[in-house]
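Taking it in order: structure first as structure tokens, then the write-up.
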Amino acid sequence: MSFELDDLVSISALSHFVYCKRRCALIHIEQIWTENLFTAEGREMHERAHDGGSEIRGDVRTDRGLAIRSLRLGLSGIADVVEFHRQPDGSWQPFPVEYKLGKPKADDCDTVQLCAQAMCLEEMLNVSIPAGALFYGKTRRRLDVSFDTRLRDKTEETARSVHALFDSGRTPEAVYAKRCESCSLIAQCLPKTMGKRRSVKRYLEKALEKE
Ligand code: SF4
């Protein structure tokens, strides 16, 4: 299967989807976006990462703000940084690096996004990319990420799920969780209120059952 250019979805939607399906729909279907401290600092960090074009230092060429896409997965976006490492045979091995605020996360939202970037580059450049890295602002450390079969499968599955979500045009219901406290959309989403509403519904259903 190959997507048309008009049907490509943003690679960042995959990260939003893994974090929370509702957040993904609120941002990309309902076009709701508000900034909090986390997103403002994250945006500035990405803008800094996109500045500066290209440079070569020794055996590493660094390109910033590279436009990438995959027609097979139906994805497009901007890669913060792609390093090209010179190999002994003279070829250049791409190595994507994504900048993130904060620290490494327990879920796959960052690694899926990075893997999607690698899969876009593989399709565009006809190469195999075994690894990349995430740079976290809080820890100031680079975390190497291996694009193994599990991560590639999850990335492909997430891309399919995001397309299905967008095709449905339906925003999933809120489910309150710890992650909501760091979510810039908590005021619009009202996950606790939605949770209570579901409790009332359950209460009424039980009451009707008894009657
Ligand atoms: S507040 Fe929670 S449920 Fe609502 S979009 Fe954010 S993470 Fe998802």
Side-chain angles (χ1 to χ4, degrees), residues 7-50 73-80 98-117 119 132 134-139 141 143 145 150-206:
D7 297 328
L8 304 186
V9 301
S10 168
I11 292 172
S12 66
L14 273 60
S15 176
H16 295 142
F17 186 91
V18 173
Y19 185 80
C20 169
K21 296 178 179 62
R22 179 171 168 82
R23 179 176 165 82
C24 181
L26 289 174
I27 293 171
H28 297 278
I29 297 176
E30 302 191 26
Q31 310 279 313
I32 294 172
W33 177 257
T34 59
E35 270 201 329
N36 64 11
L37 185 62
F38 299 112
T39 57
E41 288 179 359
R43 180 174 48 75
E44 279 174 25
M45 194 170 175
H46 281 289
E47 283 169 1
R48 279 200 300 276
H50 290 179
L73 297 175
L75 301 174
S76 69
I78 304 285
D80 282 345
E98 176 74 6
Y99 284 70
K100 292 289 177 192
L101 198 69
K103 52 189 181 183
K105 316 217 177 40
D107 64 25
D108 277 326
C109 62
D110 293 342
T111 49
V112 159
Q113 184 177 6
L114 184 70
C115 186
Q117 291 180 3
M119 291 167 93
L134 292 161
F135 179 87
Y136 287 96
K138 191 163 184 179
T139 56
R141 303 212 37 183
L143 179 76
V145 177
R150 184 201 71 83
L151 184 56
R152 285 173 182 274
D153 288 349
K154 175 146 192 181
T155 303
E156 294 208 15
E157 182 194 320
T158 305
R160 282 194 295 273
S161 299
V162 168
H163 275 282
L165 177 69
F166 291 0
D167 288 346
S168 79
R170 282 199 296 272
T171 299
E173 282 195 3
V175 178
Y176 180 76
K178 195 176 165 195
R179 64 177 181 232
C180 298
E181 297 305 323
S182 307
C183 178
S184 59
L185 300 181
I186 190 166
Q188 288 82 5
C189 172
L190 300 173
K192 286 184 176 170
T193 310
M194 297 293 282
K196 279 180 192 157
R197 201 162 73 196
R198 280 202 307 279
S199 297
V200 173
K201 184 169 174 264
R202 274 202 298 276
Y203 168 80
L204 289 174
E205 282 169 357
K206 277 191 178 174

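Order of appearance sets the numbers: ligands from 1, and atoms from 1 within every ligand.
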Checklist entry - Cation-pi between Lys192 and Tyr176: NZ/CZ under 6.0 Å from ring centre and within 45° of the ring axis? => result yes

Checklist entry - Can you name the closest pair of heavy atoms from Leu14 and Ala116 and give their distance? => result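 That would be CD2-CB, 3.9 Å.
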
Next on the checklist: Minimum heavy-atom separation for Cys20 and Arg179, please, with both atom names.
Outcome noted: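 That closest heavy-atom pairing would be CB-NE, 3.8 Å.
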
Next on the checklist: Applying side-chain hydrogen bond (donor to acceptor under 3.5 Å, both in side chains), can you list everything that pairs with Ser168, at least two apart in sequence or on another chain?
Outcome noted: none

Checklist entry - Mind checking what makes side-chain hydrogen bond (donor to acceptor under 3.5 Å, both in side chains) contact with Arg160, not counting sequence neighbours? => result none

Item to check | Polar protein atoms (N, O or S) that approach atom 6 (Fe) of ligand 1 to under 2.8 Å | outcome: Cys183 SG

Next on the checklist: If the condition is salt bridge (Lys or Arg N to Asp or Glu O under 4.0 Å), which residues does Lys105 pass it with, not counting sequence neighbours?
Outcome noted: Asp110

